[in-house]
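The block underneath contains the structure these notes are about, expressed in structure tokens.
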Amino acid sequence: MEDNDVFREALEMLLDLRSDVEVVASVEDGSNVVSLCRRYRPDVVLMDYRLPGANGVEVTAELGEACPEVAVVCLTATANARELEALEAAGAAACLSKDRDLDEIVATIHSAAESHRR
């Protein structure tokens with residue numbers, strides 16, 4: 001989930017080019033994330049901290065209750081230390097800044113998926 005259309009579409013395109021990641025859905029807000037998770041059953045949800053109508057903490061907690069098998073990895077540009085702690089307390093498996101290298105983002109996705117299966 002990412003409210004910045006340009007970033008979301010660019011990240012989706014870059015992830016689609018990889019053979020080790022499959023993008024099953026992409027949305028700009030958290031309003032229907034639970035229904036999408038139930039429909040597509042992803043291993044990992046990439047989540048922004050700042051979303052229209054809700055924040056990543058609220059949506060991460062909602063996902064944890066409704067779809068506990070899904071790991072959440074947060075990608076954010078502006079979250080401060082308190083907000084990052086809140087994301088982790090809500091159940092985020094990892095939090096990264098958006099300026100991280102794509103290989104690091106993908107490695108974090110794989111790590112979160114693997115550790116969440118245990």
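These figures come from a predicted structure and were not determined experimentally.
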- Closest heavy-atom pair and its distance - V73, A112: CG2-CB, 3.6 Å
- Note on the structure: For A71 and A113 the tightest heavy-atom approach is CB-N, 4.5 Å
- Item | Side chain S111, main chain A107, donor-acceptor under 3.5 Å | no
- Query: Mind checking what makes side chain to side chain donor-acceptor pair (under 3.5 Å) contact with D43, not counting sequence neighbours?
  - Reply: R117
Check residues 16-26 and write down every donor-acceptor pair under 3.5 Å in which the side-chain atom is one partner and the other belongs to a residue at least two apart or another chain.
from	atom 1	to	atom 2	distance (Å)
R18	NE	D20	OD1	3.0
R18	NH1	D103	OD1	2.8
R18	NH2	D20	OD2	3.3
D20	OD2	H110	NE2	3.1
S26	OG	R8	NE	3.2
S26	OG	E12	OE1	3.2

- With the 4.5 Å side-chain cut-off for hydrophobic clustering, are V57 and V44 part of the same group? no
- Note on the structure: Tracing side-chain contacts under 4.5 Å among Ile, Leu, Val, Met, Phe, Trp and Tyr outward from M13 reaches none
Side-chain donor-acceptor distances from residues 84-97 under 3.5 Å, at least two apart:
from	atom 1	to	atom 2	distance (Å)
S97	OG	D99	OD1	2.4
S97	OG	R100	NE	3.4

- Could you tell me whether the side chain of I105 reaches within less than 4.5 Å of the side chain of L14, counting heavy atoms only? no
- Task: Could you tell me whether the side chain of L11 reaches within less than 4.5 Å of the side chain of L75, counting heavy atoms only?
- Result: yes
- Message: Enumerate the side-chain hydrogen bond (donor to acceptor under 3.5 Å, both in side chains) contacts for residues 51-76, please, sequence neighbours excluded, ordered by first and then second residue.
- Response: none
- Taken in chain and number order and not counting sequence neighbours, the residues that satisfy side-chain contact (heavy atoms from CB on, under 4.5 Å) with A77 are K98
- Query: Name the one of L63, V59, V27 that satisfies side chain to side chain contact (heavy atoms under 4.5 Å, CB included) with V45?
  - Reply: L63
